[in-house]
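Notes follow the structure.
Position 1 is the first residue of the sequence; numbering continues from there.
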Amino acid sequence: MNRHDAVVCQAIDEMRLLLVDYGGRRRLVQPHVYGDDAHGDRLLSAYQVDGGSASGESRGWKSFRMDRVGAIGLTDERFHAPRPEFQRNDGAFARIVRQLG
C-alpha cells in the first residue's frame with residue numbers, strides 16, 4: 001500500500017483535481033490512471049493543467065512516480081470527463097488500481 005492510495009483513488013472516483021508536489025514544483029492535475037508499472041513502481045498518469053515542470057511544459061500528460069511525490073492533496077475543483085485522448089487500460093501499467101470509467 002502506498003501512503004497516497006486513498007487520496008488518489010478518491011480523486012479518480014470523484015473526478016477531483018489533485019495538487020501534487022513533485023520535483024520541487026507544485027502541480028495541479030486531473031488524475032486518470034493509478035497503478036504499478038512492470039518494475040512494481042506505483043505511478044499516476046494525469047493531465048497537468050497548471051503549475052511547474054522540469055520540462056517547462058505547465059500543461060500536458062505527465063507520469064508521476066509516487067515514491068517521488070512530496071505532498072498530495074484533493075482540491076474542491078472537479079473535472080467532468082476524461083481528456084479526449086485518454087486511453088483506458090494504459091499499456092504502461094502492469095496492474096491498474098484505479099482509472100477513470
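The backbone N or O of L17 sits less than 3.5 Å from a side-chain atom of T75, completing a donor-acceptor pair. A donor-acceptor contact shorter than 3.5 Å links the side chain of R78 to the backbone of E14. At least one donor-acceptor pair under 3.5 Å links the side chain of Q48 to the backbone N or O of S58. Remark: side-chain polar atoms of R59 are paired, donor with acceptor, to backbone N or O of V49 under 3.5 angstrom.
Taking the six-membered ring where the residue is Trp, Y47 and W61 present perpendicular rings, their angle passing 60° and hence far from 30°. Using cut-offs of 30° and 60° for the angle between ring planes, the H32 and F79 rings count as parallel.
Shown here are the ring-ring contact (aromatic ring centres under 6.0 Å, His included) partners of Y34, two or more places apart in sequence or in another chain: there are none.
Using a 4.5 Å heavy-atom threshold, the side chains of L44 and H4 count as separate.
Here the CZ atom belonging to R27 is positioned 12.0 Å from the CD1 atom belonging to I72, to the nearest 0.5 angstrom. Atom-to-atom distance recorded for S45:OG and R83:CZ is 12.0 Å, nearest 0.5 angstrom. The CG atom of L74 lies 6.0 Å from the CG atom of L18; values are rounded to the nearest 0.5 Å. Atom CZ of F64 and atom CG of D41 lie 15.5 Å apart (nearest 0.5 Å).
Annotation: R88, atom CZ; neighbour count of heavy atoms from other residues, nucleotides and ligands within 6.0 Å is above 12. Other residues, nucleotides and ligands contribute more than 12 heavy atoms inside 6.0 Å of the CD atom of Q10.
Here the closest non-hydrogen pair linking A46 and P31 is CB-CA, 3.9 Å.
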*List the steps, then state whether side chain to side chain contact (heavy atoms under 4.5 Å, CB included) holds for R42 with D5.*
CA-CA 9 Å; R42 183 62 46 102; D5 286 351; 2.8 Å; yes
_Working note: K62 + V29, criterion side chain to side chain contact (heavy atoms under 4.5 Å, CB included); need CA distance, chi angles, decisive distance, verdict._
CA-CA 9 Å; K62 312 280 181 170; V29 303; 5.7 Å; no
Side chains of residues 94-101: which donor-acceptor pairs under 3.5 Å do they make with residues two or more places apart or in other chains?
unit_1	atom_1	unit_2	atom_2	d
R95	NE	D36	OD2	3.2
R95	NH2	D36	OD2	3.2
R98	NE	D13	OD1	2.8
R98	NE	D13	OD2	3.4
R98	NH2	D13	OD2	3.2
Q99	OE1	N89	N	2.9
Q99	NE2	N89	OD1	2.8

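Checked for salt-bridge contact, D37 and R65 miss the test: no charged N lies under 4.0 Å from a carboxylate O.
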